Protein chains: 2
Amino acid sequence: METPAAAALPKYYVLKEQILTLIEDAVPGTLIPTERALAEQYGTSRTTVRQAIGELVSEGRLDRTQGRGTFVAPPKVTHVRQLTSFTDDAASQGMTASARILDISEVPADTVTAKRLAVEPGAGVHRVERIRLVNGEPLAHETAFLAGELPDLAGNVEVRGSLYSALREDYGIRISEVEDTVETKLAGPEEVRLLDVEMGAPMLLVHRLGFDPEGRPVEWTESVFRGDRFRFVARMHV
Amino acid sequence: METPAAAALPKYYVLKEQILTLIEDAVPGTLIPTERALAEQYGTSRTTVRQAIGELVSEGRLDRTQGRGTFVAPPKVTHVRQLTSFTDDAASQGMTASARILDISEVPADTVTAKRLAVEPGAGVHRVERIRLVNGEPLAHETAFLAGELPDLAGNVEVRGSLYSALREDYGIRISEVEDTVETKLAGPEEVRLLDVEMGAPMLLVHRLGFDPEGRPVEWTESVFRGDRFRFVARMHV
DNA sequence: CGGGACGATTGGTATAAACCAATTTCTCCT
DNA sequence: AGGAGAAATTGGTTTATACCAATCGTCCCG
């Protein structure tokens with residue numbers, strides 16, 4: 001006595017949709033029932049509840065913290081490339097953007113970086129590693145590599161408060177064309193530590209290669225954005 | 001007797017890295033040991049092995065099929081927006097691109113579509129739903145909505161073999177500017193059915209709004225790309 | 001020789017049960 | 001009151017087990 005083509009859906013997925021209807025009208029920050037309570041309430045095991053909640057966390061609909069509970073998550077941040085700055089984007093959405101500098105130093109170029117920046121492997125390049133924050137919450141981990149002579153880069157970035165401002169004002173470097181690649185990636189220990197996400201959460205891995213007006217590559221940046229908090233926008237002429 | 005700050009990493013993550021070293025030099029299509037064999041070999045449970053393999057599948061490093069086994073996956077496809085066509089991209093990487101049309105029809109605009117295309121809700125818009133394939137494998141599910149009078153759209157798309165060709169050649173519609181948004185999404189039953197991915201696999205959700213030279217929105221498209229097979233590239237002037 | 005039935009193998013879903021780790025709450029002592 | 005410490009609560013990880021479902025190979029029969 002089987003249902004012809006009705007069921008087929010895994011139990012955890014049905015539960016996921018039920019939880020979605022529970023939270024779709026809730027304000028961000030609302031606490032939802034515990035995993036043990038949901039398991040009993042829906043007549044299933046905690047394992048199944050965790051599988052359902054896990055996907056909702058990955059999708060950015062729920063946040064959870066060990067010892068505290070599981071909460072309704074805030075909506076995604078949208079970032080419009082090139083038309084506005086990161087800071088302006090956030091401001092237009094009623095949020096405040098900032099950055100925390102982890103490291104500014106000069107290092108020998110590895111093979112990948114050397115190829116991108118068209119320098120010799122092992123040549124000195126500048127490295128700028130930052131955490132980008134919105135409303136005080138970490139949103140992205142960004143590591144930029146820059147070719148050329150940039151004396152006292154750390155000091156100038158400090159003063160200007162922005163890498164691009166320093167490049168333009170202090171060194172006369174203008175980036176006139178960029179090539180971005182976007183792909184998915186799962187969070188590893190580094191992202192867990194720096195961005196406060198869960199192991200295995202989906203991330204947006206963005207690589208940017210920036211060229212000066214003469215077409216020379218001057219900037220090579222790898223960024224890892226939280227997939228549950230971020231939306232990437234590009235507007236361009238065809 | 002605890003190790004001070006050494007361990008800390010979950011066992012499934014350590015196992016994941018070990019499996020990675022096993023497959024990093026293997027040719028795509030190579031069969032790896034069964035879950036039960038790996039569990040015994042590494043002295044762990046099948047649950048833990050599945051958690052490790054699951055992330056590698058999500059990252060596009062492994063493919064698995066019930067009843068067959070788990071295999072090393074092929075590398076990602078890269079798509080450069082606007083500079084070249086989808087077909088040319090694939091060709092330049094030694095692959096062949098194609099599309100399967102699921103539906104071409106005229107439907108009343110829902111509220112979201114109406115807003116994007118600047119028409120009245122319920123007004124008739126054209127709907128084109130396709131599956132994009134590379135090397136015969138489904139890569140993306142794409143649904144486009146178009147405003148305006150487009151008599152016999154289905155027939156013309158059939159003849160031209162491309163939606164954009166038909167718009168340009170048969171209706172004189174040119175898209176001169178586009179706005180793309182990219183975010184992550186997890187695969188649901190529809191993606192599982194149409195794109196041959198696993199439930200919960202990370203996807204790239206892309207929305208495109210296309211404008212004509214007068215700045216009027218003429219195309220609104222939602223695309224879901226396989227995150228394990230696809231890389232999105234945008235090149236633009238600043 | 002073809003084909004269908006069956007069984008073995010492999011991944012997919014679900015349960016129950018521990019125990020660990022972070023956080024909050026309670027309690028009791030000063 | 002205030003604070004330290006214990007207890008309870010909640011999510012995080014792992015194991016063991018069972019059964020379902022898709023695939024593939026084998027064997028036997030017509």
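Computed from heavy atoms alone, side chains included, the values below leave out hydrogens, waters and symmetry copies. Everything quoted here is computed from the prediction, not taken from an experiment. Below, chain A is the first sequence line, B the second, and so on; all start at residue 1.
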For the backbone of [Y] and the side chain of [X], can you confirm whether one donor and one acceptor N or O come within less than 3.5 Å of each other?
X: B:Glu17; Y: B:Val14; result: no
X: B:Asn135; Y: B:Thr96; result: yes
X: B:Thr34; Y: B:Ala37; result: yes
X: A:Thr30; Y: A:Ala26; result: no
X: A:Ser58; Y: A:Gly54; result: yes

Taking atom [atom2] of [N] as reference, at what distance in whole Å does atom [atom1] of [X] sit?
X: B:Tyr13; N: D:dG12; atom1: OH; atom2: P; result: 18 Å
X: B:Ile32; N: C:dT10; atom1: CD1; atom2: P; result: 12 Å
X: B:Leu31; N: D:dT23; atom1: CG; atom2: P; result: 15 Å
X: B:Lys11; N: D:dA16; atom1: NZ; atom2: C1'; result: 13 Å
X: A:Phe71; N: C:dT23; atom1: CZ; atom2: C1'; result: 10 Å

### Task
Would you jot down, in residue-number order, the residues of residues 16-28 of chain A having a non-hydrogen atom under 4.0 Å from DNA chain D?
none

### For DNA chain D, the residues among residues 34-58 of chain A that have a non-hydrogen atom under 4.0 Å from it
A:Thr34, A:Glu35, A:Arg36, A:Arg46, A:Arg50

#### Entry: B:Thr221 vs B:Glu142, side chain to side chain contact (heavy atoms under 4.5 Å, CB included): CA-CA, chis, key distance, verdict
CA-CA 7 Å; B:Thr221 301; B:Glu142 197 166 288; 3.5 Å; yes

### Query
By a strict heavy-atom criterion of less than 4.0 Å, which residues belonging to residues 185-199 of chain A are in contact with DNA chain C?
none

### Query
Can a salt bridge be assigned to the pair A:Lys76 and A:Asp228 using a cut-off of 4.0 Å between side-chain N and carboxylate O?
no

### Message
I'd like to know if A:Lys16 and A:Glu59 make a salt bridge, using a cut-off of under 4.0 Å between side-chain N and carboxylate O.
### Response
yes

### Task
Kindly assign one of parallel, tilted or perpendicular to the pair A:Phe230 and A:His79, based on the angle between their ring planes and the thresholds 30° and 60°.
tilted

### Selected nucleotide, minimal atom distance to A:Gln66 side chain, candidates D:dT13, C:dG11, D:dG12
D:dG12

### Query
Can you check whether B:Arg68 has a side-chain N or O nearer than 4.0 Å to OP1 or OP2 of D:dC24?
yes

### Message
Checking A:His141 against A:Glu222: is there a side-chain donor and acceptor pair closer than 3.5 Å?
### Response
no

### Task
Say whether B:Tyr13 and B:Gln18, considering side chains only, have a donor N or O and an acceptor N or O under 3.5 Å apart.
no

